[in-house]
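Each remark here refers to the structure printed beneath this line.
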Amino acid sequence: MTATIEPEVGKSRRRKEDERLITGRTRWTDNLTLPGMLHLAVLRSPHAHAKIVSVDTSAAKDQAGVVAVYTATDLDPASEVGMPCAWPITPDMKSPRRPMLAATQVNFAGEGVAVVAARTAAEAHDALEYIDVEYEELPVVLGLETALAEDATLVHEELGTNTSAVWVFDSGEAGTGASFAETAGDAEVTLTRRFRQQRLVPAFMEPRACVVDPTGTQLTMWSSTQIPHILKTMAALTLGLPEHKVRVIAPDVGGGFGGKIAVLPEETMALVVAQKLGKPVKWNETRSESLLTAHHGRDQIQDITITAKRDGTVLGLKADLKADMGAYLGLVGPGVPILGAFMFNAIYKFPAYHFACTNVFTNTTLTDAYRGAGRPEATFAIERIMDELAAELGMDPLELREKNWIKHEEFPFTTVCGLTYDSGNYEAATEKAKQLFDYDGLRREQAERRASGDPIQLGIGISTFTEMCGLAPSRVLGSLDYGAGGWEHAAIRVLPTGKVEVVTGASAHGQGHETAWSQIVADQLGVPFEDIEILHGDTQSSHKGMDTYGSRSLVVGGIAVVKAAEKVIAKAKTVAAHLMECAEDDLEFTGGSFGVKGTDKATSIQDIAFAVFSSHNLPDGFEPTLDSEATFDPENFSFPHGTHLCAAEVDTETGRITLRSYVCVDDVGVAVNPLIVEGQVHGGLAQGIAQALFEEAVFDESGTLTTGTFADYLLPSAADLPSFTTDRTETPSTTNPLGAKGVGEAGTIASTPAVVNAVVDALRHFGVTDIEMPMTPMRVWHAIQHGTKAAGDIGSEAGGGLGSIDASGGAQ
Amino acid sequence: MRITVTVDGTKYSDEVEPRTLLVHHLRERLGKVGTVVGCDTSNCGACTVHLDGHSVKSCSVLAVQADGCEITTIEGLAREGKLHPVQQAFHDNHALQCGFCTPGMIMQSIDLLADNPDPDEKAVREGLEGNLCRCTGYQNIVRAVRDAAHHMRPGAGPEAERMSSQESASHVGIGGE
Ligand code: FES
Ligand code: FES
């Protein structure tokens, strides 16, 4: 029997995952009910900064249904060990111990102080009201510049500073380029801008949840996590549990966007409480709890200086960042700005670059990975300042980009940041985008509207971006002091009946791995797509893995699958040669069959699987299995790129922004499943556009999150977004056998600057040079009135000059 | 308080606390976990079900208010292995990624199509305003709803749904409403 020959990779296959998701047969963590299961609820601090004088849990213990109430001292000694941070970016990085439950002091509103275990979730939540905590309030530290001021109150008194770490990269010192100071002397234009990356909430739709069952031979934890493997190891290290006694299962996970890359205090708490009580426990957060305590993203001030010649040749870039870590360091939080450090040069080849970042503690929810992690911030800064430079030079912004970008024939190209971009074709993507967008036509319309003084002005925003995908390479992560590797693991099991089970370490939370991986294996082994099952998200079946983040699944995990398939084929070939009594060299493997060259003799991989299973006639010493395992650690990142164009209409009388059209042409290398690629781009665009227009996590002066529900935190609905025109060019990556580059974060990275550039472009003739995000109608209107940057803090700093605005989200 | 509800064709009588929300009754008491909870402020729409043929956010209805009502959840749409046209259209148009918003989106879309069998893009976007999705950017959801509209004669979807739920109700020996 011979199997399908038509290639699967490249087909817009509808997803295998869908069936259970559209019929409500999904396995969300919160769906799980175990016999005798108790429910946990966490008492959270209402204060952003306070000493805990006393906690009285006696009344709560008497409430109906309550089984136990614990505070930090009860969870001792487990609570002595802090929650983990895996990225000590500098040897002297300050990292305060983050307890599971606060013992003596709370450092952000929402920090856990006690936990109740009760028969029902409602009873657990009811009992929280009976816990009596006496707090002694401390002054609250909010806003990056306030936290860095000479006489600032300290979040953690014992550290003696609010600065966690300062991380610097200089192309002169690194030997990857000239020093910024050196080239600055040749500059004919020097432009400095301050940009603010407001604080965002990843806002996955499935709230976080975990269930722990201590009644088996292992401690089993189901969690709505992106990182089951890392979580297992980290939980073991944090709690001193024997790692082999812990099993983590990430069943169906309802979105993550980086927001579920964390080891949660609630997870470790659930592990400890379940063991103490000897009963299964469940923790399931409310949305308000999630907005307050799940890590936030972004929150940086960026001071950017660009130097150039009058003809548009860029000479150098200097980026000075301040990044708000919140009250503690998250699992990879300190490294997020560093991931961006290598992308400030974007697609450009200027010779000098200087980067410095100061990570700062404030009394707020911690920040950590959020879709793109560092790269959206970097792309925003460079793409915004390129537009400002174009305006300063009176050049078309596309022309300025073209003048400075790496030409197609110059690849591979080593950038001033020291990364080697393997492939790219910015010309092709840009040309295609221009055509789809009708760039020239829209520019004409823009000029007409300006000339006629139309109250609705038109702006065109450009963002030509690249990013580094596929985190790995382990050696590079090591050189950046990241605590672990970045390889990925896969295993293939060819079953006796010829069906195939594929185990992947990259567990998905909505990206369609089951479909894409099936397509890859179908092509590799020549077995039908339907005959392949993808297993993931359970550390028992998938015993090794580095999980899913940073658009690494396909370009690291997918390639591990390819490598495992190659091993299966090599084993099968030995058997085929034996069965057909020929030399291995005489065999050709196509379409799932080994054929003897020059004859019509052939045998399929499925037949070989059965022969191996029966083991009646195998080569001497052949281990009777076609199964294989492989680990892939790439040599290099991959570098998707694209050109995004946005046309925005701005009502100059009301400040209302309408996105008229959005066109993007992304180059993600070879698309395994174009349908999934398109879906990922759409979702990414929505999140990036939302940063530009809608979303911001805001704290008031007491450190209370005022955007603590979906009624206040403006996640866009269908009615808030336009339709997108998406297309692709395909320049294969040269550093992996699939030629794939990764796509998960592209849309988010590119779209935010495209939208802001469009709005500023529409209003530039009013003297507008920037508008803070999110660009609310109020801010836009204000910018038009004052002809300059519209500050976050409208009113007090109205019309304030550049550099005079703190980035504390109105917290000052 | 004792309430009786018919969910996806099966009748259930249970004691509930007066404060129990319908969504919690469905999930925790009746095991109907296909309907999910995404927020605590009735903003996300993840919990949308049909109550006597109309979409409601089941987190904003008390279980006692549903006494005597017929409820359809995502789990009651597919009949004898055949997907509802809206489910099929979501699959065909890649209108879901993580799938958490999907049950609510599908239930809301069916109601939307019952009101307007041939909605344009704007009507779909406005009709789904109360349902949040973080993954898809909505474009494929809009496409799916319009695609489903073409596959359903005006009113046929909800009609079919009602008929089949009566059918299965009679299978288990309980009368309609
Ligand atoms: S859970 Fe009902 S609207 Fe969000
Ligand atoms: S598909 Fe994930 S929230 Fe809609």
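All values reported here derive from a predicted model rather than from experimental measurement. Letters A, B, ... mirror the listed sequences (proteins, then strands); counts begin at 1.
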Donor-acceptor pair, side chain of A:Arg287 and main chain of B:Asp40, under 3.5 angstrom
no
Looking at B:Asn140 and A:Gly679, would you say the former's side chain and the latter's main chain have a donor-acceptor pair under 3.5 Å?
no
Can you say whether A:Val253 sits under 4.5 Å from chain B via the side chain, the backbone, both, or neither, judging by heavy atoms?
backbone
Please classify the contact of A:Thr33 with chain B as side chain, backbone, both or neither, using a heavy-atom distance under 4.5 Å.
neither
For the CD atom on B:Gln65, are there more than 12 heavy atoms of other groups (residues, nucleotides or ligands in this structure) within a distance under 6.0 Å?
yes
Contact part of A:Arg14 toward chain B, heavy-atom cut-off under 4.5 Å: side chain, backbone, both or neither?
both
Stepwise side chain to side chain contact (heavy atoms under 4.5 Å, CB included) check, B:Glu28 with A:Thr120
CA-CA 10 Å; B:Glu28 285 152 29; A:Thr120 69; over 6 Å; no
Would you say A:Arg15 and B:His94 make side-chain contact, with heavy atoms under 4.5 Å?
yes
With a 4.5 angstrom heavy-atom cut-off, which part of B:Thr136 approaches chain A: side chain, backbone, both or neither?
backbone
Measure B:Leu83 against the heavy atoms of chain A and call it side chain, backbone, both or neither at under 4.5 Å.
side chain
Below 4.5 Å, heavy atoms only, C-beta onward: do A:Ser723 and B:Glu121 meet side chain to side chain?
yes
Residues B:Arg134 and A:Glu695 bridged, charged N to O under 4.0 Å
yes
Honestly, the part of A:Glu206 sitting under 4.5 Å from a heavy atom of chain B is both
Between B:Asp92 and chain A, with a heavy-atom cut-off of 4.5 Å, which part of the residue counts as in contact: side chain, backbone, both or neither?
both
Say whether, by atom type as modelled, one donor and one acceptor occur between the side chain of B:Arg125 and the main chain of A:Leu721 under 3.5 angstrom.
yes
Carefully, step by step, assess B:Arg27 and A:Asn31 under the rule side chain to side chain contact (heavy atoms under 4.5 Å, CB included).
CA-CA 8 Å; B:Arg27 286 180 57 81; A:Asn31 291 358; 2.9 Å; yes
Do B:Asn131 and A:Ser717 have side-chain heavy atoms sitting under 4.5 Å apart?
no
Could you tell me whether a side-chain N or O of B:Tyr138 sits under 3.5 Å from a main-chain N or O of A:Asp720, the two making a donor and an acceptor?
no
Please report the closest heavy-atom contact between A:Phe724 and B:Gly137, naming both atoms and the distance.
CE1-O, 4.1 Å
Which atom names give the shortest non-hydrogen contact between A:Asp126 and B:Arg19, and what distance separates them?
OD2-NH2, 2.8 Å
Here the pair of heavy atoms bringing A:Gly255 nearest to B:Cys98 is N-CB, 3.3 Å
Quick one: which of A:Gly256, A:Gly512, A:Gly683 has the most heavy-atom pairs under 4.5 Å with chain B, could you say?
A:Gly683
Residue pair B:Val37, A:Asp30: steps toward the side chain to side chain contact (heavy atoms under 4.5 Å, CB included) verdict
CA-CA 9 Å; B:Val37 181; A:Asp30 186 35; 5.6 Å; no
Applying a strict 4.5 Å limit to non-hydrogen atoms, the region of B:Ile106 in contact with chain A is side chain
Which residue out of A:Ala121, A:Gly254, A:Ala686 racks up the most heavy-atom pairs below 4.5 Å with chain B?
A:Gly254
Which atoms of A:Ala122 approach chain B - backbone, side chain, both or neither, heavy atom under 4.5 Å:
both
Please look at A:Thr23 and chain B and tell me whether the side chain, the backbone, both or neither of the residue comes under 4.5 angstrom of a heavy atom of that chain.
both
